[in-house]
Amino acid sequence: MIILSPEWTAVAYLVAAVCFILALKGLSSPKSARRGNLLGAAGALLAVVTLFLSMHLENLLLILAAILVGTVIAVPIARRVQMTQMPQLVAGFNGVGGGAAALVGILELGHAEETWVRIAIVFTMLIGAVSFSGSAVTVLKLQELITTRPITFPGLPVLMVLAVLAAIAGSVFVVLTGDLLWAVGLLGIGLIAGVLLVLPVGGADVPIVISLLNAFTGLAVAASGIVLGNVLLLVAGTLVGASGTILTMAMASAMGRSVAGIMFGAFKGGSTAGSTEVSDRPVRSSGPEDVAVELGYAQRVVIVPGYGLAVAQGQHTIVELATALEERGVKVVFGIHPVAGRMPGHMNVLLAEANAPYESLRELEEVNPEFSQTDVVLVVGANDVVNPAAKTTKGSPIYGMPILEVSDAAQVVFLKRSMRPGFAGIENELLFDPKTTLLFGDAKDSLSKVLAAVKAL
Amino acid sequence: MDAVTLLTITVLAVFVGFEVVSKVTSKLHTPLMSGANAIHGIILVGAVIVAGQASDPWLLGVALAAVVLATVNLVGGFVVTDRMLEMFGGRKPVKTTAAAGSTEGADAK
């Protein structure tokens, strides 16, 4: 259906592009974030409607059916997925976007005559394919379907170099000939490269890789805009590529890491120090009543939540425990590490869901000076973010990451499922410290018991 | 559109992209990543264009697959970001009594 003139189409796309810019701007500030996201969705809707009104499309019913299918698949998953699985979901959505871009690229090859358009096609295909398969590997890692430790093997660097060389050679050939079969081969090389790229990344760094692949998909979409001569795709893709790059670097610096170190650090041998073996060194474990006494008669308590809390869905219980302690006159705050959990800000989202009072949430820089005046730190399902190895052990995979310095407090109580090391796979010396006690069990379960014991005090 | 115009637009968009997210607090990193992720789902426009031009059934099949994937990215991305931010929005500076009230509701689940 051609209802809109090319001029009005361009204006509508421009409005959509401005919506995307304002969406990103809005998402950067807590007050305007939700409005920003809705504005982005409005921009996307405007762009799609504009497209249908501005050009003649064959197979219209099939296309509408495909959009319906996609919506029916996406909405229930997006609405129902557990908070703990949010990072996997974002990674998955990113991957399919990259896959879509790669397919758009290869389908346009038959229409492309100019060399620079073919270069853009090759770029779209390769980056889209890397993003697709790379995201798939991050999903597998986050779901712990494959090991979260860095996977390296002796031939991996050689394989990566070979993959890059094959990609370059294949790209040149496809640009010169426009041959479809070679293009399919190139897609395959892109898929392999994506897997090789993400395999050596350690579990704790996966969120940063998701952000990086997100920027990649943005670039692939931008290139597809050049291929199709569509300014909106170009602008939207470039925006995501650029902002995603900045975001990736910001996330990495919050962890005290460099992006290059994360992607290629495993080859230096450093992060292979990780282990999932259970240590049999002696620790001091105690019961929920003892923990309740320690907490109930303390003056200042800092609660450090981690992924274990998210897994156990213990966020409501922990807020209830904080409230019960406050009622006894204990000053309770939450010490939030920016990358605790499986994604940056994970704990903020989780505690926000449980309506934790805003003024009790402390960021890393705020809470660290407070530990020396704290009687008890209750670490719930967190490990790597309080691991002193980040400060003391050079060569440890988390070395250099800012941590919550809980060892400054008088006492530390860990609620842990087992002695298994955290996501990064490094043993935590703090667990064996004389001032540390451990309460083993599911976080929510342990919290409920401690809560009941506190109420009985 | 000629190459130079496209290049101009690209370069300007890069700077806008750098600029808009330059100051973002770490607690919003995840929603921002998720929102940006949704925005690149606009590849749906590209997928629909190629599907609308496809004549060969094989190519059409691939194009429709791209439409499905792109829709999942676009729609799912915005919905999941909204869900994340909905939880942030619920967090107003409330006193502990309000927190206690809501935890009771959670127990009922």
Side-chain angles (χ1 to χ4, degrees), chain A residues 20 24-25 27-28 33-34 37 41 44 51 57-58 63 66-67 69-71 73-74 78 90 93-94 96-97 99-101 103-104 107 211 214 217-218 221 224 226 228-229 233 235-236 238-240 242-244 246 251 254 316 319-320 323 326 338 343-345 348-349 352-353 355 357-358, chain B residues 1 3 6 9-10 13-14 16-18 20-21 24 26-27 29-37 39-43 45-52 62-64 66-82 84-85 87-89 91 93 96 99-100 102-103 106:
Chain A
F20 290 154
L24 287 174
K25 184 83 196 156
L27 281 164
S28 310
R34 199 164 179 203
N37 184 56
L51 171 66
L57 296 165
E58 303 283 341
I63 292 170
I67 291 177
V69 169
T71 310
I73 295 171
V90 174
F93 285 157
N94 177 48
V96 295
L103 294 180
V104 168
L107 288 169
S211 177
N214 186 37
T217 307
V221 172
S224 80
I226 293 178
L228 295 164
L233 290 180
V235 171
T238 311
L239 275 176
V240 176
S243 60
I246 294 283
M251 280 185 184
H316 295 286
V319 172
E320 226 178 316
T323 311
E326 288 273 357
M343 55 184 182
N348 295 88
V349 180
E353 189 192 358
N355 281 313
Y358 186 68
Chain B
M1 206 170 295
L6 292 174
I9 294 169
T10 310
V14 166
V16 174
F18 282 161
V20 284
V21 299
V24 53
S26 63
K27 71 181 76 164
H29 279 168
T30 298
L32 180 60
M33 172 167 87
S34 182
N37 176 39
I39 288 175
H40 67 51
I42 199 62
I43 185 64
V45 165
V48 169
I49 292 174
V50 292
V62 175
L64 289 175
V67 172
V68 173
L69 294 180
T71 310
V72 169
N73 183 185
L74 187 73
V75 178
F78 282 118
V79 172
V80 83
T81 311
D82 189 61
M84 269 183 221
L85 293 168
M87 292 168 188
F88 274 76
R91 193 183 64 189
T96 42
S102 63
T103 45

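The chains referred to below are lettered A, B, ... by the order of the sequence lines, with proteins before strands, and numbering in each begins at 1.
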Task: Atom group of A/I67 that falls short of 4.5 Å from chain B, counting heavy atoms - done: both
TODO: Select one option (side chain, backbone, both, neither) describing which atoms of A/S211 are under 4.5 Å from chain B's heavy atoms.
DONE: both
Task: chain A interface, residue from B/N73, B/V48, B/N37, B/L32 that has the most non-hydrogen pairs under 4.5 Å - done: B/N37
Task: Partners passing side chain to side chain donor-acceptor pair (under 3.5 Å) against A/N37 (at least two apart in sequence or in another chain) - done: none
Task: Pairwise distance NE2(B/H29) to CG(A/N348) - rounded to 0.5 angstrom - done: 11.0 Å
TODO: Might you point out which heavy atoms bring A/A44 and B/F78 nearest each other, and give the distance in Å?
DONE: CB-CE1, 3.8 Å
Task: Heavy-atom pair count under 4.5 Å with chain A, highest-scoring of B/G41, B/A70, B/A3 - done: B/A3
- [ ] Please determine, among B/I42, B/L74, B/I49, the option with the most heavy-atom pairs under 4.5 Å with chain A.
- [x] B/I42
Open item on the list: With a 4.5 Å cut-off on side-chain heavy atoms, are A/I63 and B/L64 touching?
Closed with: yes
Task: Check: A/S243 side chain, B/V20 main-chain N or O, donor-acceptor pair, under 3.5 Å - done: no
Task: Pairing residues for B/S34 by the side chain to side chain donor-acceptor pair (under 3.5 Å) criterion, not counting sequence neighbours - done: B/T81
TODO: Report yes if some heavy atom in the side chain of A/L107 is under 4.5 Å from a heavy atom in the side chain of B/V62; otherwise report no.
DONE: yes
Open item on the list: Looking only at heavy atoms and a cut-off of under 4.5 Å, which of B/V67, B/I43, B/V50, B/V79 has the most pairs with chain A?
Closed with: B/I43
Open item on the list: Looking at chain B, which one of A/A74, A/G99, A/S28 has the largest number of heavy-atom pairs inside 4.5 Å, strictly under?
Closed with: A/S28
- [ ] For residues A/V90 and B/M84, report the shortest heavy-atom separation together with the two atoms involved.
- [x] CG2-CE, 4.0 Å
Task: Pairs of heavy atoms under 4.5 Å with chain B: top-ranked of A/V96, A/V221, A/L239, A/L57 - done: A/V96
Task: Distance, nearest 0.5 Å, that separates CD1 of B/I39 from CG of A/L24 - done: 4.0 Å
Task: OG1 on A/T238 to CD1 on B/I9, rounded to 0.5 Å - done: 9.0 Å
Open item on the list: So, taking the atom named CE in B/M33 and the one named CG in A/N214, what distance separates them when rounded to the nearest 0.5 Å?
Closed with: 7.0 Å
TODO: Sort out for me which of B/V45, B/V16, B/V14, B/V24 touches chain A most, counting heavy-atom pairs under 4.5 Å.
DONE: B/V45
